[in-house]
Structure formats: C-alpha cells, structure tokens
Amino acid sequence: MLFSPKTKDLILLFLLLFLSREMLGQKSSITAATFYKHNAYLSSDKMEGRFPGTRQNNKAASYIKSHFKKYGLKAFGKNYFQPFKLFVKKDINKMKSDTVTTQNVVGYIVGSDEKLKNEFIVIGAHYDHWGWGGKGSGSKKKDTLAIHNGADDNASGVAALLSILEELSTSKIKPKRSIIFVAFSGEEQGLLGSNFFINHSPIAKENIKVMLNMDMVGRLNAKKHLYMGGAGTFPNGVELMKKIGENSALNLIIHAGGVSGSDHVSFYKNKISSVGFHTGGHPQYHTPEDDIDLINPEGGVLVSSFIYQVLLAIANYNQSLYFISQD
C-alpha cells in the first residue's frame with residue numbers, strides 16, 4: 001500500500017505517541033497532588049496575588065526558578081531571570097504611580113538530534129496576577145480591595161508547566177528539538193512579559209518553531225472541555241490534537257485559528273506557530289474569589305498529561321515545522 005508524504009508523517013508521529021512513557025508502563029509523575037501543591041503555593045494568601053514589582057511576585061519567580069533548576073533546565077547565560085520594567089498606574093495594588101521591575105523565568109533543555117536541536121519549542125504560562133486589585137486594575141470588582149489569588153488565572157498554568165517539566169525530566173524519550181520553558185510576568189498588564197521575551201529572545205526568533213501556552217487550565221468542568229486556539233498554525237496540528245485526544249478522556253474544542261487572549265499572541269504576531277490551552281471562563285475570573293478550593297486537580301492532571309503528549313510529539317516531529325497564518 002502506498003501512502004502520501006503527509007500520511008507517512010502522521011503514521012510516524014502516532015508511532016511516537018504509542019511509544020510514550022505512559023504506554024511503556026512507566027508511572028507518570030503528573031499527579032493531582034503535584035498539581036495541587038504548585039497551585040496552592042502560588043495562589044496562597046501569603047503570595048498576595050503575585051503583582052509585578054512586589055516581593056510576592058519575586059518570591060513566585062524564585063519558586064519557579066528552583067524547580068527549573070531541580071528538573072535540569074539550563075539557564076541562558078548566568079541567570080534564569082529575564083528582568084524588565086513596567087509602569088503601574090496609581091491605586092492598582094495599593095501603589096502610587098511607579099515603574100517597577102519584574103522578570104520572566106526562562107530555562108531550556110537541549111534537543112537530542114544533532115540537527116534538530118537548533119530548533120526550539122517554547123512552552124509557557126504567566127505567573128503574575130492582580131495583587132490586591134484596585135481602581136485601574138483588571139479586577140471585575142475594582143471597588144473591593146482584596147487579594148486576588150488567581151488560582152486559576154494563572155497559578156494553574158504554572159502548576160501545569162512545572163508538572164510537565166517534571167514528567168519530561170524523567171522521560172526515557174528525549175526530545176529531538178530543544179525546548180524552552182518560560183514563566184511570564186506582566187501578562188495582565190498587556191502581555192508585557194511575552195512581548196519582552198520575543199523582542200529580547202535568547203535565540204534567533206526564526207529558530208522558535210512552535211509556542212504552547214497555558215492560561216487558566218485548572219477548572220476542567222464535568223464535560224471535560226479543553227479549549228485550544230491556534231492548532232492549525234503548524235502542519236497537521238489539528239489532526240495531531242485530535243489523535244492525542246482520543247485516549248485522553250478529554251472533550252477537545254479545537255480551533256485552527258482563534259489565537260487570542262494570552263501570551264501566545266505575542267509569538268503569533270511574530271509569525272511563530274502558537275497554540276493556547278484553557279479550560280474555560282467562570283464568574284470568579286479576575287475577582288478575589290478565584291481561589292484554590294475551586295481548582296480541579298484531577299482535571300489538571302488530564303490537561304497537563306495531554307499537553308505533555310503534544311509537546312513531546314511536536315518536539316519529535318518528523319516533518320518540517322513552519323508557520324501557517326490563520327488570519
């Protein structure tokens with residue numbers, strides 16, 4: 001039987017998925033306890049909503065950095081931090097008008113293929129939130145000065161990021177392409193961290209082939225809906241998502257386009273294939289009520305495991321990765 005080149009590529013890709021560590025019978029390190037631990041730490045009252053420029057935002061960055069180091073990520077240069085400045089309007093987070101310094105947290109692993117290791121997949125999530133809120137902030141309750149813990153937005157995305165990193169660090173299948181892990185700050189103020197990253201990239205932008213972004217992935221509903229936008233921005237992306245989803249227990253809502261709303265937009269605008277993942281909106285979005293007791297850690301495992309499979313499959317793609325506009 002003869003197969004078209006596209007069909008051959010898909011067959012090779014799905015063979016890789018079959019050989020994943022879960023199917024080899026190895027125990028996954030993505031667990032509800034791990035997901036919950038990261039989420040609970042970042043969204044605790046002690047973190048005061050992780051507003052950029054605050055001690056708590058810096059503490060969150062240090063927590064993420066410690067796990068980047070623990071699970072073997074390399075730093076570009078001597079530091080995992082990529083500092084940048086942003087302006088804070090008066091009354092946001094109980095602050096006077098001021099320019100503050102915050103930071104992205106960045107680390108990478110080198111691909112195993114001598115040629116493909118010069119291509120990079122970026123996976124990221126933002127860790128900042130609205131702190132105490134206030135007038136001028138993005139809070140839905142601007143007149144209520146209270147801690148906005150952002151358990152779903154976006155401690156959940158970082159919990160997924162760190163869970164995926166731990167899983168990758170112990171996998172017997174080493175990715176052919178290099179992978180950059182990024183925790184962005186300044187997302188709530190207008191995708192500032194991801195814009196800074198892409199404009200001060202530690203590697204040539206043309207070597208970034210795909211960006212995967214997780215923003216609000218902690219509230220998987222009873223129907224197990226996982227939404228994604230941008231699946232059609234790289235070759236066979238929609239088909240890949242569908243295939244991986246077959247054994248995921250998730251109900252996928254896949255959009256070839258629909259790249260909007262979070263840090264992957266910064267990459268898409270630079271003609272880099274970009275996919276954003278989320279589990280849907282809710283009434284607690286950008287309010288002080290977005291707390292850990294509403295997080296679904298078992299759902300977080302399903303989502304993180306799915307995105308891990310996507311990451312591994314793309315990093316080992318047997319065909320060229322290139323940008324496909326969905327405008």
Side-chain angles (χ1 to χ4, degrees), residues 9-38 64-75 80 105-125 157-183 208-214 217 226 228 234 236-237 240-241 243-250 275 277 297-319 321:
D9 287 333
L10 288 173
I11 290 173
L12 289 171
L13 180 60
F14 301 150
L15 178 61
L16 170 67
L17 294 175
F18 178 76
L19 293 174
S20 69
R21 72 191 304 264
E22 287 76 18
M23 293 183 181
L24 285 169
Q26 298 175 7
K27 185 178 180 181
S28 173
S29 58
I30 300 178
T31 66
T34 298
F35 187 93
Y36 184 88
K37 177 188 72 172
H38 295 313
I64 296 164
K65 171 186 171 181
S66 70
H67 286 83
F68 278 17
K69 293 178 68 175
K70 178 179 179 180
Y71 296 120
L73 290 186
K74 298 178 180 294
Y80 291 89
V105 190
V106 186
Y108 73 101
I109 61 170
V110 179
S112 61
D113 185 273
E114 194 60 32
K115 180 179 179 181
L116 292 178
K117 71 180 182 180
N118 295 314
E119 297 183 0
F120 291 78
I121 311 302
V122 174
I123 182 167
V158 179
L161 185 72
L162 296 179
S163 296
I164 290 167
L165 173 57
E166 182 178 355
E167 179 78 340
L168 184 63
S169 72
T170 59
S171 174
K172 291 184 178 180
I173 300 177
K174 301 304 179 184
K176 294 180 180 180
R177 292 175 175 84
S178 298
I179 300 175
I180 299 174
F181 284 74
V182 189
I208 302 176
K209 297 302 178 181
V210 180
M211 193 275 171
L212 305 176
N213 185 50
M214 298 165 290
V217 295
L226 176 62
M228 66 191 74
F234 65 94
N236 297 324
L240 171 67
M241 302 303 174
K243 188 64 180 179
I244 297 177
E246 287 178 1
N247 297 310
S248 69
L250 293 168
V275 185
F277 300 89
E298 290 79 13
V301 171
L302 293 178
V303 171
S304 299
S305 297
F306 173 82
I307 298 173
Y308 167 74
Q309 294 290 345
V310 170
L311 174 66
L312 194 63
I314 296 173
N316 288 287
Y317 241 43
N318 291 296
Q319 60 180 304
L321 289 169

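Numbers here simply count residues along the sequence, with the first being 1.
Counting heavy atoms of neighbouring residues, nucleotides and ligands inside a 6.0 Å radius, atom NZ of K174 exceeds 12 of them. Annotation: K37, atom NZ; neighbour count of heavy atoms from other residues, nucleotides and ligands within 6.0 Å is above 12.
Once rounded to the nearest 0.5 Å, the distance linking NZ of K70 with CD of E166 reads 6.5 Å. Expressed to the nearest 0.5 Å, how far OG of S163 lies from OH of Y71 amounts to 8.5 Å. Note that CG of L321 and CD of E119 are 6.5 Å apart. Values are rounded to the nearest 0.5 Å. With values rounded to the nearest 0.5 angstrom, I30 atom CD1 is found 4.5 Å from E167 atom CD. Remark: L240 CG to Y317 OH distance equals 5.0 Å, nearest 0.5 Å. One finds the CD1 atom of I164 at 10.5 Å from the CD atom of Q309 (value rounded to the nearest 0.5 Å).
Proximity of M241 to V275: side-chain heavy atoms (C-beta onward) are separated by under 4.5 Å at one or more points. Side chains of M228 and F306 form a contact here, defined as non-hydrogen atoms less than 4.5 Å apart. Contact annotation: the side chain of P175 approaches that of L168 to within less than 4.5 Å [non-hydrogen atoms, C-beta and beyond]. Proximity of L161 to F68: side-chain heavy atoms (C-beta onward) are separated by under 4.5 Å at one or more points. Counting heavy atoms from C-beta outward, K209 and F234 have side chains that stay 4.5 Å or more apart. The side-chain heavy atoms of H38 and V158, taken from C-beta on, include no pair separated by under 4.5 Å.
Between I179 and F181, the shortest heavy-atom contact is CG2-CE1, 3.5 Å. The shortest heavy-atom contact between F35 and V217 is CZ-O, 4.5 Å. Across all non-hydrogen atoms, the minimal contact from N213 to G124 is OD1-O, 3.2 Å. For the residue pair I244 and A313, the shortest heavy atom distance occurs at CD1-CB, 4.3 Å. Across every non-hydrogen atom of Q319 and N236, the tightest pair is NE2-ND2, 2.7 Å.
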Can you list the steps and then say if K176 with N318 is a side-chain contact (heavy atoms from CB on, under 4.5 Å)?
-> CA-CA 10 Å; K176 294 180 180 180; N318 291 296; 3.3 Å; yes
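Of the possible polar contacts, one joining the S178 side chain to the G111 backbone as a donor-acceptor pair under 3.5 Å is found. Listed for the R177 side chain is no donor-acceptor partner under 3.5 Å among the backbone atoms of I121.
The residue from I307, V182, I180 that alone fulfils the side chain to side chain contact (heavy atoms under 4.5 Å, CB included) condition with I123 is I307.
Side chain to side chain, S171 and Y308 meet the donor-acceptor criterion of an N or O pair below 3.5 Å.
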